[in-house]
Amino acid sequence: MIVAYGFANMLQSVAAARTTVHHTFDPGLLLRLAGHRTYLVGLLCQVVGFVLAFLARRDLPLFLVQASVAAGLGVTALLGVVVLKWRLPAAEVALLVLLFAGITALVLSAQPAPSKGLGTAGLVALAAALGGIGLLGFFAVRLHGAPGSVALGSLAGLAFSAAAVAARPLASAPSAEAFVRDPLLYLLIVHSLVGQLLLGLAMQRGSTTAAVAAMDAAGAVPAAIVGLLLLDDKIWPGREWLAAVGFLTTLAAVIGLTRYAAPQHHHQAATRPPERLVVGTVPAPDRPAHLAGPRTAAANRQPS
């Protein structure tokens, strides 16, 4: 699951960087992204990760599953080194070690148990959250650069978090018929589509790592809280401290990884050799990446 999400993050960011930047909350972006083979492969990886996460949510608490999804950024960082020739500073190696330690602590503290149902109030809350996320996305899409990446990535995380909350009790459906007839299934699908659209918009704004880190943080925390309070997620007695330390360590490592990936984005954008002018691009090497046409540093990182 973690590896699948790591591949998905990298491949989808490359495709989003090569697509014309959108300044409206336009679902058509998903269709345009689907025209990129790279995006489709990344989407396939995300679907694989989603299915594995869905199966894990049947018995495992959301704080563990969501933190594991967030840990995909660590795989993305390693893939950046191997495929995109990023540098791997000693501090980033330490963060990857912390990430592994945090996930290990969560695994040791999580007690498997089936989920409680959400009930009518839960369904209404998820539907209301969908409307609120969509409304905020309508305004957040007007932001540019890193603020836009963080705002849209955070909203994407909230949408995926709501999808995770819906998935936890849905995974315990007693039969295929009950699964298909459960309103949670359709709330899960719509939240996931909205999250995917918001993530694509966030990745276009020049800071893929900021977008993914914001998404992971916003996606992990609310779901973990709802799971513990409402869905009967359990921690082994006496290991509450271990769960808290593991969860905070994992999130801190994920956010910290963005500090070392983002400068490689800007360094490459500043040192890339001049290119032949093509209609529709602004290839000036000293322009910020999000203003430099359809190719951005997410697709062009090189060694310094």
Before you tell me yes or no, could you show the steps for F247 and V221 under side chain to side chain contact (heavy atoms under 4.5 Å, CB included), namely the whole-Å CA-CA distance, both residues' side-chain angles and the distance that decides it to 0.1 Å? CA-CA 9 Å; F247 190 78; V221 176; 4.1 Å; yes
Using modelled atom types and a 3.5 Å cut-off, is there a donor and acceptor pairing between side-chain atoms of [X] and backbone atoms of [Y]?
{"X": "S109", "Y": "I235", "result": "no"}
{"X": "S149", "Y": "A202", "result": "yes"}
{"X": "E240", "Y": "G238", "result": "yes"}

Taking all atoms of both residues into account, what is the closest heavy-atom pair of [X] and [Y], and its distance?
{"X": "P114", "Y": "R168", "result": "C-NH1, 4.0 Å"}
{"X": "A217", "Y": "L251", "result": "CA-CD2, 4.1 Å"}
{"X": "L106", "Y": "A243", "result": "CD2-O, 3.4 Å"}
{"X": "R239", "Y": "L108", "result": "NH1-O, 2.5 Å"}
{"X": "R57", "Y": "A171", "result": "C-CB, 4.4 Å"}
{"X": "F63", "Y": "D233", "result": "N-OD2, 4.4 Å"}

Between [X] and [Y], is there a shared hydrophobic cluster once you connect ILVMFWY residues whose side-chain heavy atoms come closer than 4.5 Å?
{"X": "L197", "Y": "V141", "value": "yes"}
{"X": "V48", "Y": "L193", "value": "yes"}
{"X": "L62", "Y": "V245", "value": "no"}
{"X": "F179", "Y": "I189", "value": "yes"}
{"X": "L118", "Y": "L228", "value": "yes"}

Given side chains that start at C-beta, do those of [X] and [Y] come closer than 4.5 Å, heavy atoms only?
{"X": "V165", "Y": "L231", "value": "yes"}
{"X": "I103", "Y": "S68", "value": "yes"}
{"X": "L187", "Y": "L170", "value": "no"}
{"X": "F54", "Y": "L188", "value": "yes"}
{"X": "V180", "Y": "Y186", "value": "yes"}
{"X": "L143", "Y": "L152", "value": "no"}
{"X": "L158", "Y": "L136", "value": "no"}
{"X": "W236", "Y": "P112", "value": "yes"}

Could you state the interatomic distance from [atom1] ([X]) to [atom2] ([Y]), rounded to the nearest 0.5 Å?
{"X": "K234", "Y": "S115", "atom1": "NZ", "atom2": "OG", "result": "10.5 Å"}
{"X": "I133", "Y": "H191", "atom1": "CD1", "atom2": "NE2", "result": "5.5 Å"}
{"X": "T104", "Y": "L99", "atom1": "OG1", "atom2": "CG", "result": "9.5 Å"}

Listed partners of R181 passing side chain to side chain donor-acceptor pair (under 3.5 Å), at least two apart: E177
Who are the salt bridge (charged side-chain N to carboxylate O under 4.0 Å, His left out) partners of D59, not counting sequence neighbours? none
